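Keep in mind that this is a model prediction, so the values were computed, not measured. In what follows, chains carry the letters A, B, and so on, assigned in the order in which the sequence lines appear, proteins first and then strands, with residues in each chain numbered from 1.
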There are 2 protein chains.
Amino acid sequence: MSNKRSAINLGSRRDEAGMAANGRDEAIYRNLYAAIVENYLAPGTKLPEDTLAETFGVSRTSIRKVLQRLAYQRLVDIRLNRGASVAQPTVKEAQDVFAARRIVECGVMPQVVARATPAQLDALRDIVKREHDAADRGDRRESIYLSGEFHVQLARLADNESIGEFLAGLVSRSSLVIATYGAPMAGSCPHSEHDDVLSLIAAGDAEGAQAWMDRHLRDVERSVVPVEEEVGEADLRKILDAVATRHRRER
Amino acid sequence: MSNKRSAINLGSRRDEAGMAANGRDEAIYRNLYAAIVENYLAPGTKLPEDTLAETFGVSRTSIRKVLQRLAYQRLVDIRLNRGASVAQPTVKEAQDVFAARRIVECGVMPQVVARATPAQLDALRDIVKREHDAADRGDRRESIYLSGEFHVQLARLADNESIGEFLAGLVSRSSLVIATYGAPMAGSCPHSEHDDVLSLIAAGDAEGAQAWMDRHLRDVERSVVPVEEEVGEADLRKILDAVATRHRRER
DNA sequence: TAGAACTCGTTTGTGCACAATTCAACTGTT
DNA sequence: AACAGTTGAATTGTGCACAAACGAGTTCTA
């Protein structure tokens, strides 16, 4: 019996743009994307082409295309002749991502306040509600997902596709940052005061909404990337210290 | 004699990140990128894989990779089973690009003002000088390139790689917008008052620099995308009118 | 026994061949 | 003469096979 055809489920939909992508490739992309962003695959996990090809029941050609797309989004890291692995953001990258989010999410606020309709705000309130529900029942994964979704959908109210896509990329990378550095407890937005900003927007207070978002994102960043130290270095030093100790003891 | 080996020149360098990229692929990418952004290839130009493969003396496999990378940047448009062509931004896309630039380039100003060193400002002044030289001798292509380079390098002073790459993409798409809609005369920044913002930055005036940039980008946008009308529709109507006229006359 | 060089298995890079699709021109019918 | 259906060349999509590179384990040497 062949070991093919163990294909995972296949979601349809498509929101890509300008890229050639048939349905099957798109489904594979979405699966891998979700697996990485929702932290089913830990940062650093190797992603061998053969394994993926067999898992999804396609040839390496399709897998390669998907991996390169993910690499372009900085969700996977492809090194020459060494294949792909789930990206591990450095501390600097993590800081850059959050700084970029502050610029973008605060920058769109005037447009958002000017254009947001009551119906759109209701849709956002629904996301917040589901986010709270997920948090209440301890579903951290769903809670983080909905938290990110809130930020993305909020920004999309500015009706700017370039900005929307860019922020979506930043939010997905934030998930990787949380997976890499985040404390096991913390995760989504603290106490998730997302409702507050909706009130400010509904009141037409653009500056207030901007200030709220800036503070909110700084809070999130602080709760996720608390340490200033370079992790790779720290590990290396720790290892070398351990080796030296053992060596000293054993002689 | 074979028709291979007519390879165009090959620039070295590399500034990509996180992507696997062989030196040769990188050279091909840079060539195509420059050809599109510097308007050697008009928007809408078809880019057949075979032709490109023979031109660069490689197989279609490499070309495909490069085309998909360019598609991701929205510089080429790939449609299923129909191949790639140089992207033709719609009016909405053009507006989004400039709106995004306003958000980003104004948003980085505080960081830029806080971090910029005299040496870095001198390097920017040099770009402005070369931009003026190019404009004086009527080299529109170089002048546009240096104008974009100024904006990108200025933003990079904020030392945020995510933002830097995003803006670089927006600027390259701006070139496509200019090529698609721009008046043959207009092009780079009007009168290129780029020196002015450097003075504001040197003086530590973040708010002034922000205001300058906002005004500047609005000016550029107005000089490039003046018409509000939907071009595709207008063309279609024009064509149908012409057909109807001819038809009427010929019967 | 420590260290260096070598070999082999595994994984990735690349070109090629065949299948599928599109677009255009042609033919036949009304 | 207009239109629909069909055929064929050109172009893209996809899988496969071979070449190249990496890394781990082994062997050889000092």
Side-chain angles (χ1 to χ4, degrees), chain A residues 2-7 10 14 16 18-29 32 44-72 76-87 243-244 246-248 250-251, chain B residues 2-7 10 14 16 18-29 32 44-72 76-87 243-244 246-248 250-251:
Chain A
S2 114
N3 57 351
K4 281 186 174 183
R5 295 297 140 183
S6 56
L10 28 73
R14 58 174 57 192
E16 26 75 46
M19 318 223 11
N22 79 27
R24 192 172 47 187
D25 286 359
E26 187 65 19
I28 296 172
Y29 166 76
L32 260 183
T45 305
K46 283 215 59 178
L47 303 170
E49 298 178 356
D50 277 333
T51 306
L52 295 175
E54 284 166 23
T55 303
F56 290 103
V58 296
S59 83
R60 279 174 51 211
T61 308
S62 311
I63 297 297
R64 254 158 159 336
K65 207 193 309 183
V66 170
L67 286 177
Q68 288 205 314
R69 188 168 161 194
L70 290 166
Y72 195 92
V76 319
D77 193 59
I78 300 183
R79 281 173 306 178
L80 194 60
N81 287 319
R82 282 189 213 179
S85 52
V86 179
V243 169
R246 195 178 318 129
H247 190 261
R248 218 176 299 124
E250 285 175 359
R251 73 161 42 213
Chain B
S2 111
N3 57 351
K4 281 186 175 182
R5 295 297 140 184
S6 55
L10 30 72
R14 59 174 57 191
E16 27 75 46
M19 319 225 7
N22 188 334
R24 191 173 45 188
D25 285 359
E26 187 64 19
I28 296 173
Y29 166 76
L32 260 183
T45 305
K46 284 215 59 179
L47 302 170
E49 298 178 355
D50 277 332
T51 307
L52 295 175
E54 284 166 21
T55 302
F56 290 103
V58 296
S59 84
R60 279 174 51 210
T61 309
S62 311
I63 296 297
R64 239 151 190 304
K65 207 192 310 183
V66 170
L67 286 177
Q68 288 205 315
R69 187 167 162 194
L70 290 166
Y72 196 91
V76 318
D77 192 60
I78 300 183
R79 281 171 308 177
L80 194 61
N81 287 318
R82 284 190 213 174
S85 51
V86 179
V243 170
R246 195 178 317 128
H247 191 260
R248 218 175 299 125
E250 284 174 1
R251 73 162 40 209

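The side chain of Ser62(B) places an N or O atom within less than 4.0 Å of a non-bridging phosphate oxygen (OP1 or OP2) of dG15(C). In terms of phosphate contacts, Ser59(A) brings a side-chain nitrogen or oxygen within less than 4.0 Å of OP1 or OP2 of dG15(D).
Here the closest heavy-atom approach between residue Ala53(B) and residue Ser59(B) is recorded as CB-C, 4.0 Å.
Lys65(A) has its NZ atom 17 Å from the P atom of dT14(C), to the nearest Å. Residue Glu26(A) contributes atom CD, which lies 16 Å from atom C1' of dG13(D) at whole-angstrom precision. The interatomic distance linking Phe56(B) (CZ) with dG15(C) (P) rounds to 14 Å, in whole Å. In this entry the distance linking CD1 of Ile63(B) with C1' of dC16(C) reads 15 Å, nearest Å. Asp25(B) places its CG atom 14 Å from the C1' atom of dT12(C), with the value rounded to the nearest Å. Atom P of nucleotide dT14(C) and atom CZ of Arg24(B) are separated by 7 Å, given to the nearest angstrom.
Val58(A) is not listed as a side-chain neighbour of Asp25(A), based on a closest heavy-atom distance of 4.5 Å or more. Looking at heavy atoms from C-beta onward, Ile28(B) lies out of side-chain contact with Leu52(B) at the 4.5 angstrom threshold.
The side-chain contact (heavy atoms from CB on, under 4.5 Å) search around Thr51(A) returns Pro48(A), Thr55(A), not counting sequence neighbours. Contacts of Arg64(A) classified as side-chain contact (heavy atoms from CB on, under 4.5 Å), with partners at least two apart in sequence or in another chain: Glu49(A), Arg60(A).
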Heteroatom pairs (N/O) under 3.5 angstrom, protein to nucleotides 6-12 of chain D:
from    : atom 1 : to       : atom 2 : distance (Å)
dT12(D) : OP2    : Glu49(B) : N      : 3.3

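Interatomic distance, Arg69(B) CZ to Leu67(B) CG, rounded to the nearest 0.5 Å: 12.0 Å.
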